[in-house]
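A quick write-up on the structure given underneath.
Positions are given from 1 along the sequence. Everything quoted here is computed from the prediction, not taken from an experiment.
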Amino acid sequence: MKHLYLFFFLSICMSIFAQQTTSENLKTAIETKLKSVEGDFAVAFKDLQTGKTLFINEKENFHAASTMKTPVMIEVFKQANAGKFKLTDSILVKNEFKSIVDGSLYGMDINDDSADGMYKQIGKKMTIYDLTYQMIIVSSNLATNILIDLVDAKNANESMRKLGAKDIQVLRGVEDKKAFEKGLNNSVTAFDLMLIFEKIAQNKVIDKKSCDEMRKILFDQKFNEIIPEKLPKDVKVAHKTGSITGVQHDSGIVYLPDGRKYVLVLLSKKLKNADAGVKVLAEVSELIYNSVK
């Protein structure tokens with residue numbers, strides 16, 4: 001009997017050792033790949049079945065770029081659920097916003113916005129849902145600022161704290177140049193983005209209906225050059241990207257055909273070559289997928 005217990009004990013130890021070795025090899029492979037491109041990177045991965053994680057610089061702060069639009073979406077759904085408005089309510093599309101520095105007015109530049117079609121709607125009304133949809137799937141800066149005026153960035157920031165995301169900073173709308181010059185920028189960590197996407201995946205943000213609706217929007221993301229790029233077509237990704245000069249991000253939930261899912265966040269900054277940064281992050285996504293498929 002002692003020999004049997006010893007056999008089981010050794011088997012368990014060998015299994016744990018093998019898993020640790022595999023994880024260490026994967027992390028080393030990712031770090032080696034990232035070193036091939038000039039820039040700083042962060043990775044946060046969590047397998048939602050096994051609880052397995054992989055972290056690289058997960059607590060380091062990065063300019064949020066458009067990844068801050070996920071917290072804004074969460075706040076929109078939270079306030080709608082609380083009865084402050086309905087997602088079907090219509091509001092005026094405007095291009096006039098107040099700087100958080102001094103309250104002075106500024107407008108958005110169509111040339112700096114990936115969703116130029118939104119500018120044809122200025123002076124017209126759109127539903128809150130449609131504005132949220134445009135904010136996520138084509139990363140409309142105009143829609144984002146309209147929604148931030150509606151829900152208030154401070155509320156979105158507080159909601160992140162209640163979800164356990166301690167370091168995300170949602171301070172302001174997009175293209176507030178006076179705030180940018182003073183260093184008042186939205187920022188994220190890979191760890192915090194992983195936390196909020198994990199909660200969306202597990203229906204722990206507001207309620208299941210809200211999470212279903214948010215995932216539905218995230219699945220329609222039109223920018224798919226990073227996390228989904230090198231994955232099989234039957235793998236579905238509910239995600240939000242972000243990019244500015246020197247920065248390329250992607251963050252979301254990856255759904256495998258067999259029902260398994262994992263959260264992956266890939267952040268970068270100080271990139272000298274944006275295309276090379278996008279390419280290497282897509283390759284990291286592929287490495288992680290291959291480790292769990």
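In terms of heavy-atom proximity, Ala201 sits nearest to Arg215 at O-NH1, 3.7 Å. Contact between Asn145 and Gly173 at its shortest, heavy atoms only, is OD1-CA, 3.2 Å. Heavy atoms only, all atoms of each residue included: Pro257 and Val235 are closest at CD-CG2, 4.1 Å. Residue Val174 comes nearest to Met108 through the heavy atom pair O-SD, 3.6 Å, listed as atom of the first residue, atom of the second, then distance. Closest heavy-atom contact between Ala156 and Pro71: CB-O, 4.1 Å. Heavy atoms only, all atoms of each residue included: Met214 and Ile206 are closest at CE-CD1, 4.5 Å.
In this structure, a donor-acceptor pair under 3.5 Å is absent between the side chains of Asn95 and Tyr119. With 3.5 Å as the limit, one finds no donor-acceptor pair spanning the side chains of Thr28 and Asn25. In this structure, a donor-acceptor pair under 3.5 Å is absent between the side chains of Asn185 and Ser187.
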Would you sort out whether Val76 and Leu87 count as a side chain to side chain contact (heavy atoms under 4.5 Å, CB included), showing the intermediate values?
-> CA-CA 8 Å; Val76 169; Leu87 293 174; 3.8 Å; yes

Test log, rule salt bridge (Lys or Arg N to Asp or Glu O under 4.0 Å), inputs Lys216 and Asp212 = CA-CA 6 Å; Lys216 184 178 177 181; Asp212 284 342; over 6 Å; no

Could you give me the CA-CA distance, side-chain angles and deciding distance for Lys154 and Asp152, then say whether salt bridge (Lys or Arg N to Asp or Glu O under 4.0 Å) is met?
-> CA-CA 5 Å; Lys154 292 178 181 178; Asp152 195 331; 5.9 Å; no

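The local environment of NZ in Lys230 is crowded, with over 12 non-hydrogen atoms from other residues, nucleotides or ligands closer than 6.0 Å. Within 6.0 Å of OH in Tyr129 there are more than 12 heavy atoms belonging to other residues, nucleotides or ligands.
Using modelled atom types, one side-chain atom of Gln79 and one backbone atom of Val151 make a donor-acceptor pair closer than 3.5 Å. Using a distance-only test at 3.5 Å, with no hydrogens or angles considered, a donor-acceptor pair links the side chain of Lys69 to the main chain of Ser139. In terms of modelled atom types and a separation under 3.5 Å, the side chain of His249 and the main chain of Ser268 share a donor-acceptor contact. Under the 3.5 Å distance criterion, the side-chain polar atoms of Gln221 are matched with a main-chain donor or acceptor of Ile136. Of the possible polar contacts, one joining the Lys236 side chain to the Lys233 backbone as a donor-acceptor pair under 3.5 Å is found.
Residue pairs meeting the side-chain hydrogen bond (donor to acceptor under 3.5 Å, both in side chains) criterion with at least one partner in residues 29-38, sequence neighbours excluded, are Lys33-Glu283.
Note that CZ of Arg172 is 13.0 Å distant from CG of Asn157, once rounded to the nearest 0.5 Å. Taken to the nearest 0.5 Å, the NZ atom of Lys98 stands 14.0 Å off from the CD1 atom of Ile100. The CG atom of Asp89 sits 11.5 Å away from atom CG of Leu131, with the distance rounded to the nearest 0.5 Å. Rounding to the nearest 0.5 Å places CD1 of Ile137 at 10.0 Å from NZ of Lys240. Note that CG of Leu193 is 5.0 Å distant from OG1 of Thr67, once rounded to the nearest 0.5 Å.
Of the residues Phe197, Phe62, Phe55, the one that meets the ring pair (Phe, Tyr, Trp, His ring centres under 6.0 Å) test with Phe191 is Phe55.
In this structure, the side chain to side chain contact (heavy atoms under 4.5 Å, CB included) partners of Ser159, at least two apart in sequence or on a different chain, are Glu75, Lys78. Phe219 pairs by the ring-ring contact (aromatic ring centres under 6.0 Å, His included) definition with Tyr255, not counting sequence neighbours.
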